[in-house]
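In the text below, chain A, chain B and the rest are named by the order of the sequence lines, each starting its count at 1.
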There are 2 protein chains.
Amino acid sequence: MRSAGIREVARLSGVSIATVSRVFNDAASVRPDTQQRVLEQAAALGYEPSSLGRNLVRGRSELLGLIVPNVSFPLYGQMIGGIEDVLGHRGMSMLLASSHDDAVSELTAAQKVLRHAVDGGVVINTQSDVALPAPRGMNWVHISPEHSGLPYRVELDNAAGGRLAAREFLRLGRRHLAYIGAPGRESSERQHGFAGELSRAGLDYRRAQGDYSELSGTQAADDLLEKSSVLDAVFVAGDLMAAGVLRALHMRGLRVPGEVAVIGFDDAALASLLYPRLTSIRQPAYAMGAAAAELSLRLIGGHSAESVVFSPELVRRESTGPP
Amino acid sequence: MRSAGIREVARLSGVSIATVSRVFNDAASVRPDTQQRVLEQAAALGYEPSSLGRNLVRGRSELLGLIVPNVSFPLYGQMIGGIEDVLGHRGMSMLLASSHDDAVSELTAAQKVLRHAVDGGVVINTQSDVALPAPRGMNWVHISPEHSGLPYRVELDNAAGGRLAAREFLRLGRRHLAYIGAPGRESSERQHGFAGELSRAGLDYRRAQGDYSELSGTQAADDLLEKSSVLDAVFVAGDLMAAGVLRALHMRGLRVPGEVAVIGFDDAALASLLYPRLTSIRQPAYAMGAAAAELSLRLIGGHSAESVVFSPELVRRESTGPP
DNA sequence: TTGTAAGCGTTATCAG
DNA sequence: CTGATAACGCTTACAA
């Protein structure tokens, strides 16, 4: 049993369906008493215009497609929060699908979302290097490290993050530095900024590589500590890996920040819960999500829009300090 | 300019739109060569049936509404993951909205989702004590601690979690116990199970109250430690609070688990990253999400469905062990 | 196996 | 200010 439709309301209030429609759209052009009659009937029948019908004729869905690698990663959750808040104000909703960090699922997710005729889309950390399919007039906005040829992007200035870390270590008088990276462009940009700032100060640094996991952080730190006995500061490409680094240092009885200072990246919720609380390069995830949504909304409205670059910020906590 | 529609495909492949439709639905009833011709044209034009049209005529949207208090809470992220995986197999998509832990926003979110004519809905941790609005034939499934009168629920047996914690402490020979709770039904159920098992062993326990935040965990633990000098085991209603408890113990130089054992609740990702790694009562969030989706799908299909209760599990890590 | 045609619930155009 | 009526893109009897 379908719920009441526009016809029913029209019939019972003695007007045409066109008038009912008008009442729910540009109420201005309908006489107050007619309007009220319709509204009353509508309320009595529990009628609400169906967006299905409306969207069909308007060719819009008031939906924004959102593709996320993995919903349970808190940083992405923050981005989604930013997107949602922006959309909420404009009456749009969010269709969510996961890419599971995998190009094939990402494509599947995109198709799934497109079938619902979304007006626009945001994809976080795209996995494929070709553009996602999009019908004419629909655009994907990417929250990703720069990707060749993608027109609409919201990104973080990763190199600036590296510079922030380097400067902080220098300021604290650290001289025996290391970087623990991971595969991918983001990490290499962070490293690039870090290295640049150090070379300006005439310093070199040691390197190790992980994969953003906690365990890999522990292993990378162990490697580093075996090779170079002198090490008083480590910059880590992600907070989770940094957790592993803290553990490695603790196991070896090295005091943080007394003997070794540590700076992570992202400033995930986790950072402030570790012991010692982790100094980290903050990625403004909520704001980045909001910016992506704004960008998409502009595009949907047919306006021009430009990519945005966000600057990271150093959040000082217990894992850094004077030697 | 709209993208290619069914008409275009039909015209270019020299068949009627009905045939094109059939190709995309019950392909069985159309001749292989016709089918292929259509498929080729469709591919060439990048045609995909619009769910707007399809859903309009079928009276379904293939959408499931999802209301979450807060997307950036990892446990909810896991639930969403479970929901999504189940839906994905059945070709449904997920419309996401946040309730921001607030009854009013929850209602707004529900209405927003309802406007898109979702076929079903899942609401995590509902804030309102009245039922959410729902058109005839549509049902909300709740992932929440029991709420009077809600018909379709997926819940965790919180009391069983409390019993698990109590038994583990007893097994380890701990005798000076405490519970750190928080407001709300979930915490009191956990406490109830904990207390029941202890009283069976003829033991009493101390209590303190927090609000699930890290800081409140530290404060509650401090309270406890000031009042009772003998304390060798603490059961905490949430992992985040447990992080605060570990910090308090560390500050006082108490060894964990040597002097005090700690068990948290939820087994959030955080638990295994703390130092020492936190033993916790695992809430099978992914499975609970999946179960809620199954439940909703049954309801959508017009079948009967029953609420489900999940059992928690003890995950042993470093924060418990022999004294 | 295929085509014709009647909807699905709405908005928008055009008369009145 | 209001009413017919033609779309919108698709599915589904019913006929052929």
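Atoms CZ (A:Arg37) and P (D:dC1) sit 14 Å apart, rounded to a whole Å. Protein atom CD of B:Gln35 is 14 Å distant from nucleotide atom C1' of C:dT2, rounded to whole Å. Per the geometry, CG belonging to A:Leu56 stands 10 Å off C1' belonging to C:dT11, to the nearest Å. Per the geometry, CZ belonging to A:Arg11 stands 14 Å off P belonging to C:dG9, to the nearest Å. Remark: P of C:dT10 and CG of B:Asn55 are 15 Å apart, rounded to the nearest angstrom. The distance between atom CZ of A:Arg60 and atom C1' of C:dA12, rounded to the nearest whole Å, is 16 Å.
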### Query
Are A:Lys112 and B:Glu48 close enough, and set up right, to give a salt bridge (Lys or Arg N to Asp or Glu O under 4.0 Å), and what steps lead you there?
CA-CA 10 Å; A:Lys112 192 162 145 186; B:Glu48 286 234 32; over 6 Å; no
### Query
So A:Asn125 and A:Glu186, side chain to side chain contact (heavy atoms under 4.5 Å, CB included) or not? Walk me through it.
CA-CA 11 Å; A:Asn125 256 353; A:Glu186 291 184 272; 4.2 Å; yes
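With no hydrogens or angles considered, no side-chain donor-acceptor pair links B:Glu155 and B:Ser307 at under 3.5 Å. Side-chain atoms of A:Glu106 and A:Thr126 form a donor-acceptor pair, as typed in the model, at a separation below 3.5 Å.
Remark: side-chain polar atoms of A:Asp119 are paired, donor with acceptor, to backbone N or O of A:Glu62 under 3.5 angstrom. No side-chain donor-acceptor contact under 3.5 Å links A:Trp140 to the backbone of A:Tyr152.
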So which protein N/O to nucleotides 10-14 of chain D N/O distances come out below 3.5 Å?
from: D:dC10; atom 1: OP1; to: B:Tyr47; atom 2: OH; distance (Å): 2.8
from: D:dC10; atom 1: OP1; to: B:Ser50; atom 2: N; distance (Å): 2.9
from: D:dC10; atom 1: OP2; to: B:Ile6; atom 2: N; distance (Å): 2.6
from: D:dT11; atom 1: OP1; to: B:Asn25; atom 2: ND2; distance (Å): 3.2
from: D:dT11; atom 1: OP1; to: B:Arg54; atom 2: NE; distance (Å): 2.8
from: D:dT11; atom 1: OP1; to: B:Arg54; atom 2: NH2; distance (Å): 2.9
from: D:dT11; atom 1: OP2; to: B:Ser21; atom 2: OG; distance (Å): 2.8

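Taken over five-pair windows at either terminus, the axes of the helix from C:dT1-D:dA16 to C:dG16-D:dC1 are inclined to one another by 40° (rounded to 10 degrees).
Residues B:Tyr212 and B:Phe73 keep their aromatic ring centres 6.0 Å or farther apart.
Exactly one of B:Asp101, B:Leu107, B:Val104 qualifies for a side chain to side chain contact (heavy atoms under 4.5 Å, CB included) with B:Gln127. That residue is B:Asp101.
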